[in-house]
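In what follows, chains carry the letters A, B, and so on, assigned in the order in which the sequence lines appear, proteins first and then strands, with residues in each chain numbered from 1. Because the structure is predicted, anything quoted here is derived from the model rather than measured.
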Amino acid sequence: MTNGTASGTASGTINGIVSATAVHKYDFRAIEGKWQARWLSDNRTDEDAAKPKYYVLEMFPYPSGRIHMGHVRNYTIGDVVARSKRMRGYNVLHPMGWDAFGLPAEGAAQKNHMHPAAWTYGNIDYMRQQLRQLGLSYDWRREIATCNPKYFRHEQKMFLEMYEKGLIYQKVTTVNWCQHCQTVLANEQVIDGCCWRCDSAIKPRRMSGWFFRITSYAEELLQDLDKLSGWPEKVVTMQRNWIGKSTGMACDFPVTGSDAKISIFTTRPDTVFGVTFMSLAPEHPLLDTLVAGTPQEKDVRAFIDEVTTEKQQLNYGEEPEKKGIFTGRFCENPFTGDKVPIYVANFVLMEYGTGAVMAVPAHDDRDFAFAKTYGLPIKPVVMPEGMILDENMGEASTGPGVLADSGPFSGMESEAAKQAIIAHADAKGFGHAQITYRLRDWGLSRQRYWGAPIPIIHCERCGVVPVPLAELPVELPVDAYQTKDTCLPLHQRPEFIAALCPQCGQAARRETDTMDTFVESSWYFARFTSPRYEDGPVEKEKAAYWLPVDQYIGGVEHAILHLLYSRFFVKVMRDLGYLNIDEPFTNLLTQGMVIKDGAKMSKSKGNVVDPDELIRQYGADTVRLFSLFAAPPERDLEWNAKGVEGASRFLNRLYRYTLELGSTPVTALPPVSEAGKAMERRIHQTIKRVTENIESNFHFNTAISAVMELFNSLSDEASLSLYWRRQAMRTILLLLSPMSPHFCAEMWQAMGEKGDVAAQDWPVWDEAIAQEERLTIVVQVQGKVRSRLSVAADIDDDRLVVMALADENIIRAMAGKTAKKTVVVKKKLVNIVC
RNA sequence: GCGAGAGUGGCGAAAUUGGUAGACGCACCAGACUUAGGAUCUGGCGCGGAAACGCAUCGGGGUUCGACUCCCCGCUCUCGCACCA
């Protein structure tokens, strides 16, 4: 079958007689179908000590129904990496799976009166087919879906192990509540005050939930960012800011007339002598006792209610007017003994630090504004260089300086004073050095049906009791899916709730929260190394062989959420003994969005391009080629229908040219000719450029243009021997095969070449052959290009200058002046200064 | 406000790290072959100019024989964080 499927409408002869009337276009439908059928069982990868391993992974999709252009781009990029690494001799792991829990399944299931599992698995079947049509070289044996109990049972097991180690706990907090989705969201899932999924406004709400103690890994998550040299700087910076480490001092201010102490955290211990009041968060636990029975109690409680309501009604991004109220109580600055009034202030956050702030209006903008509003004293104690501040200062001075009016610390520089003041507090026992992080613990509870159940039983006698390992997985109830009650949350399902306490055997209540779907995606990459292993989340030897992921590819929108959680999970799994790595992803490529008409493709904007339609019209190879060619991967890709046609045109030109070459390999070297030598040189130059473009930064766009240039020069060269024409074409097919794999496989075969093109070694270049023999040297006068010289590559500088000065264009440009200086850049240019 | 990144033809983009600005492709123009061309092939294509040449990489300065590239000032856009004490 050399040419059968290769001929669409054409007669398809391959010995160069191209019919004048036939329109020669390759039959991508037949070719792609043929090769995809063959590849069904290819790409199966197992551990192999003889080859270097390479694990390339694209962020797995949510099975929403159909793939979109963003997926096409993401998975094409990953597939080119996988295919080119295979050709370069690596043992490549390239798996695919489904992030299959999540809210859309519930909505769709309710609408269609079906079980979310049916909806989800139906989508998976459809999307798997779509991915196959793209010719993506996955090891499909390793496919996983996170909603499968065989997957999440291991997650439940790890949950219990983490609970055991104190890495998971329950608490009542103010959470982000999405009214529309009827569930809690993590801080990371709130985007501009709106739900990351449904985009409706988020309101705060007090409720109980489960938390991962991610903050206990804050320091390591921060430190290890330094190891991520293969990540975009931008993502590292975003994570660093998100973790938000601050160093400072914790300090206790005793409450006057009480045993209570107010603990504060400050990054500016050097300003502690300038404290003129204390501000507490409205939720501060001490407030209740402070105001109980005082004349101010009523007003303070009213104020707290007022600001709490206000907070709930505010739109995100809006900052409420700064306001507060005096509690009637005072506390004592332990450094000065000064009595300072205690206020409640609406801008103090309970979630950060201690929920209490020592207020230094002279050196903090917010405290300054607050002091002005409420007529509180302003006491400057840090004098910036060359300035003397007094209580009439017009704005807060937040920079460093020399301490004044600060007892024994007066005269010290800010930085030195910070240390001395902390040491003093430490010695006296009322304070110490403290590090605080912006990062909060990860709330993982979701009040939804379609998620992994939290394996906990609540017993009135025994309290919180883990489900015994032998009883895992805790599965979702699947009964009522035919009715409109489909997807009732677990807390509305008595049959699920009813349980026996594993400890005392009495009737107990099953936990009804499910886990955030980000839990599943935090370790799936590890599961791919041993996806059918039943005795734990990973088979350790296999995980040790494959991990970490060498190249991870996905959208930058996951820069914090998924990538931070995954880093956390890897560290936890390491500490649980499952993994031997510190970081999951050695290299990260964040690919840009696919946009059209200047905007991200979305249904609401009506600018969506359907991959199915494109593939039907142009074939997968063309779609792949265009999405790689139009922009480098990290940049946004502007979709352009005409550009797709350009890619199609290129493949068809290659097709017609290949047919003319015949199906018989030519092994005999032709007589040496200039044209042959030139082509050989271009072949080596192209191999070099393509290889370097792919290896250094995945710039497939320039790799493809290099191939196009080689082909352009090939098709321009009418007198070239068949031998070199075939050599050039072989090279083009090899270099292009990771990008347009079906086409290259078919053409390779049509040329009569042995084996599968994808199984060939990646071509290598010879630097000596790639060198040009003659060069065009630019000659400049005063830095402006005035002429060009064609010279032998090994010409010496003096000779070159002589030639340049004798050039008639140069003589004219110099206008009779003499050269004061000449600059020669090897193999590039001569610049004459006169 | 804080942090990060970007600004090059009509468009998507190149430029070996200070050395020919605009490779490659799209669009467009002209021509060829055609009943036809939305197929294919050939040529042209930053702006001005007949040409010589001049002007061009957001704007303004600077360093240099030479700057898209390095330095300073400013403008615009994108993204992230946003009362973090």
For [X] and [N], what is the distance between atoms [atom1] and [atom2] respectively, to the nearest whole Å?
X	N	atom1	atom2	value
A:H558	B:C79	NE2	C1'	16 Å
A:K828	B:U20	NZ	P	7 Å
A:L637	B:C11	CG	C1'	13 Å
A:E634	B:C79	CD	C1'	15 Å
A:F700	B:C24	CZ	C1'	17 Å
A:F629	B:C11	CZ	C1'	13 Å
A:L829	B:C65	CG	P	15 Å
A:K245	B:G3	NZ	C1'	19 Å

Looking at [N], I'd like to know if its phosphate oxygens (OP1 or OP2) sit under 4.0 Å from a side-chain N or O belonging to [X].
X	N	result
A:S246	B:A85	yes
A:N712	B:G25	yes
A:K784	B:A67	no
A:K234	B:G5	no
A:R635	B:G5	no
A:R649	B:A27	yes

Exercise. Under 4.0 Å between a Lys/Arg side-chain N and an Asp/Glu carboxylate O for A:R240 and A:D226?
Worked result: yes
Integer angstrom distance from the [atom1] of [N] to that of [M]:
N	M	atom1	value
B:C58	B:U76	C1'	7 Å
B:G10	B:U57	P	13 Å
B:G7	B:A13	P	10 Å
B:C53	B:A21	P	14 Å

Problem set entry | B:G74 glycosidic torsion: syn (within 90° of 0) vs anti | anti
For this session: Name the orientation of the base relative to the sugar in B:U17: syn if the glycosidic angle is within 90° of 0, else anti.
Result: syn
Exam field: side chain [X] to backbone [Y], donor-acceptor pair closer than 3.5 Å:
X	Y	value
A:D636	A:M593	yes
A:S648	A:V644	no
A:E634	A:L589	no

Problem set entry | Contact nearer the 5' end of RNA chain B, comparing A:V825 with A:N701 | A:N701
Exercise. Closest nucleotide of RNA chain B for A:T237 versus for A:E645: which of these residues is on the 5' side?
Worked result: A:T237
Exercise. Does a donor on one side chain sit under 3.5 Å from an acceptor on the other, for A:N652 and A:R649?
Worked result: no
